[in-house]
Amino acid sequence: MATDLISGLRVTGRTAPAWVTLDAQLGRVWQNLHQALGRESHWPAFDQRVRTHLQALRDELAPLYGNRADFEAFLVRLLQTAFDAWRDRAPDLKALDAQREHDPDWFQSQRMLGGVCYVDLFAGNFRGIEAQIPYFQELGLTYLHLMPPFLCPEPHSDGGYAVSSYRATKPSLGSIDELRHLSEKLREAGISLVLDFVFNHTSDEHDWAVGARANDPAYQDYFYLFPDRTQPDAYERTVREIFPDEHPGAFSQLDDGRWVWTTFHSYQWDLNYSNPEVFRAMAGEMLFIANLGVEFLRMDAVAFIWKRLGTSCENLPEAHHLLRAYNALARIAAPALLFKSEAIVHPDDVVAYISPAECQISYNPLQMALLWNTLATRQVDMLQKALAERHHIAPGTAWVNYVRSHDDIGWTFADEDALQLGINGFDHRQFLNRFYVNRFPGSFARGVPFQDNPATGDCRISGTAASLCGLEQGDAHAVARMLLLYGVALSSGGIPLIYLGDEVGTLDDHGYVNDPGKAGDSRWVHRPARDEQRYADRRDPSTDAGRLHAGLRHLIALRRHLPALAGGHLVPFYAKNPSVLGYLRDGAQGGAGNVLVLGNFSEHPQTIAAEVFSAMPARMVDLIGQSAFEARSPVTLAPYQMVWLVPRGM
Ligand code: OTU
């Protein structure tokens with residue numbers, strides 16, 4: 001719990017004795033800050049927040065930079081950067097700050113619904129996105145993640161994840177002022193803007209990278225630059241390859257012979273956070289983005305932000321200190337801003353990023369991967385186990401449950417969990433990869449391999465939800481499969497997230513191979529442009545798009561009126577049928593009325609024995625099918641059927 005170390009003191013601008021004895025270092029930092037800013041009109045409100053969060057900020061940064069002689073001066077400079085951002089923060093955002101602080105659990109509502117898209121591919125530019133607001137409202141979105149719209153190199157930008165300036169947008173999308181305007185319009189429509197903080201790396205065209213390449217001493221330590229292979233070789237003994245298709249290892253060579261750390265593409269230079277100036281400079285960029293009106297910042301590639309020789313350089317304790325320090329800064333200078341963790345790693349490591357003091361929300365990559373696993377195997381065991389053992393996270397936090405993202409599907413389940421079910425993780429991943437690229441007899445999926453690495457056996461999957469569910473090959477169950485996957489995302493708690501295009505069944509587009517900026521990266525197969533025909537078909541129930549859209553909207557509408565689906569609490573319900581998933585939802589605080597969710601993950605009817613329901617009301621109703629459900633005799637679910645059961649009369 002944060003405490004106010006300064007309260008009770010009357011500060012005259014000269015002394016603060018009681019407080020100084022409490023924590024001399026904080027006293028000095030605060031006094032320096034007060035001296036510099038105490039006469040500013042924005043100081044008192046800022047000061048209140050500093051008093052509450054300064055200690056947390058210092059405590060997180062001390063393990064990283066505390067042994068430096070200039071640590072206190074650094075803290076003062078950092079807080080001055082935060083003050084500048086606070087001074088520039090628009091009054092309506094400050095009003096939002098107050099509202100959010102008053103109701104910190106606002107995002108646990110069952111009305112929360114996310115969507116994600118590329119600005120250019122979905123609507124051309126920022127104005128085009130604004131024109132889509134009525135559609136977003138029709139769908140029920142309250143959260144919109146726009147893929148990184150910032151200035152980036154052309155044609156290679158990793159879809160915007162190579163940022164050349166955090167303060168300028170890609171000209172083809174519109175200006176930064178238009179982005180700010182869009183965020184206002186979204187907010188008026190009840191939609192929170194979500195943008196990325198791509199803070200593990202910049203593009204090689206960012207001013208800092210340009211400076212470092214030109215040997216400007218100010219930027220030498222902004223990146224990990226090495227004169228020869230000695231250090232890179234030492235690090236590569238323990239780090240894994242992330243994008244081996246593009247370059248082997250974790251480093252790229254510059255024209256002058258030096259080597260630079262590039263976890264991802266060679267044009268994405270990893271920032272060196274062991275340099276406190278990098279932390280401070282990026283804090284300024286983060287708060288600038290916050291002041292655009294962003295409410296959730298998607299913290300990209302969190303696992304990689306700290307490196308230490310002899311380790312995997314992933315998920316190090318220092319990465320958590322960095323995130324919590326950024327979070328403390330957000331509490332001080334942009335309180336409405338929350339963090340979303342993007343860690344697609346072992347489930348133990350995923351949850352380590354989730355807490356009110358670090359990332360309040362997080363992708364749920366385990367549930368996502370296991371949904372696809374369950375479709376392939378028709379066996380719910382792994383997913384059911386994950387719901388039982390890995391679903392619960394701290395109060396004040398939420399999962400973002402999704403079916404597809406702009407990235408590949410990585411099979412990041414825990415091998416030790418699989419083993420308990422008699423499943424060998426390595427072999428099983430080989431099977432899943434074969435299944436989803438349609439190299440397994442009987443597979444309905446039409447996916448594409450991503451970063452197939454024969455040396456390690458590692459491979460991930462690209463493909464739209466529709467193509468992976470069988471819509472591309474006209475499989476009769478494809479629509480039902482998609483509704484089942486989205487039905488789990490919509491009913492298992494947290495914030496459901498729709499990859500826009502999925503709601504009308506957009507298929508893979510192999511045309512990316514003709515675009516030089518995209519050709520080498522199979523993830524573009526599932527990032528097609530908005531499919532106008534499918535969106536036009538969404539009102540026609542004779543089309544796939546129409547059936548899917550109607551089915552999904554039905555689930556969304558039901559969910560909005562079911563407080564039992566708020567929050568994240570879930571009780572596993574074992575249907576004692578290997579193909580039937582089950583769980584009970586009982587609301588954020590519990591007791592909001594139960595919803596029993598059951599889903600058949602096979603293409604055959606599945607029967608559930610009557611005794612399974614013995615502790616349940618005998619007479620229930622399935623809200624999805626609007627039909628009575630008698631639970632005193634065996635119950636049969638149709639292929640891929642999902643039911644949301646409530647006691648009759650509710
Ligand atoms: C993220 O993903 C983004 O989502 C990607 O689109 C970017 O290319 C990448 O960072 C670089 O900015 O490797 O395949 O958690 O899975 O951070 C996706 C580890 C990625 C990685 C994740 C990364």
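Computed from a predicted structure; not experimentally measured. Note that ligands are numbered from 1 as they come in the structure, with each ligand's atoms numbered from 1 the same way. When a residue number appears, it is its place in the shown sequence, counting from 1.
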Practice prompt. Check step by step if side-chain hydrogen bond (donor to acceptor under 3.5 Å, both in side chains) holds for Asp408 and Gln451.
Written response: CA-CA 9 Å; Asp408 47 287; Gln451 305 294 337; over 6 Å; no

Fill in: Contact partition for Asn200 relative to ligand 1, non-hydrogen atoms under 4.0 Å
neither

Fill in: Under 3.5 Å side-chain donor-acceptor pair for Tyr363 and Arg298
yes

Response to the item:
Quick look: His201 vs ligand 1, heavy-atom contacts under 4.0 Å, and the answer is side chain

Worksheet item: Between Asp270 and Thr263, does any side-chain donor sit less than 3.5 Å from a side-chain acceptor?
Response: yes

Worksheet entry | ligand 1 contact on Arg298 by region, counting heavy-atom pairs under 4.0 Å | side chain

Worksheet item: In ligand 1, which numbered atoms sit nearer than 4.0 Å to a non-hydrogen atom of Arg460?
Response: 13 (O), 14 (O)

Discussion item. Under 4.0 Å, counting heavy atoms only: does His265 come that close to any atom of ligand 1?
Written reply: no

Item to complete: Any chance you could lay out the ring-ring contact (aromatic ring centres under 6.0 Å, His included) test for Phe264 and Phe304, step after step, and finish with the verdict?
Response: CA-CA 10 Å; Phe264 299 98; Phe304 300 93; 5.3 Å; yes

Item to complete: Check whether the side chains of Gln360 and Asn327 place a donor and an acceptor atom closer than 3.5 Å, and report yes or no.
Response: yes

Practice prompt. Taking atom types as modelled, find out whether Thr262 and His247 have a side-chain donor-acceptor pair closer than 3.5 angstrom.
Written response: yes

Worksheet entry | Ligand-residue contact atoms, ligand 1 with Phe304, heavy atoms, under 4.0 Å | 19 (C)

Worksheet item: Any idea which part of Val302 is under 4.0 Å from ligand 1, heavy-atom wise: side chain, backbone, both or neither?
Response: neither

Fill in: Distance flag, aromatic centroids of Tyr161 and Tyr267, threshold under 6.0 Å
no

Worksheet item: Between Trp524 and Tyr118, is the gap from one ring center to the other below 6.0 Å?
Response: yes

Worksheet item: Which atoms from ligand 1 have a heavy atom of Phe243 less than 4.0 Å away?
Response: 8 (O), 13 (O), 14 (O)

Discussion item. So for Arg523, does at least one of its heavy atoms come nearer than 4.0 angstrom to any atom of ligand 1?
Written reply: yes

Worksheet entry | Lys170/Glu154 ion pair, N-O < 4.0 Å | yes

Worksheet entry | Atom indices of ligand 1, in the order listed, that fall short of 4.0 Å to a heavy atom of Ala301 | 17 (O)

Discussion item. Please state which option from Ile344, Ile409, Asp407 has its nearest heavy atom closest to atom 15 (O) of ligand 1.
Written reply: Ile344

Worksheet entry | Proximal atoms of ligand 1 relative to Glu342 (non-hydrogen, under 4.0 Å) | 1 (C), 2 (O), 4 (O), 17 (O), 22 (C), 23 (C)

Fill in: Side chain, backbone, both or neither: Ala303 near ligand 1, heavy atoms under 4.0 Å
neither

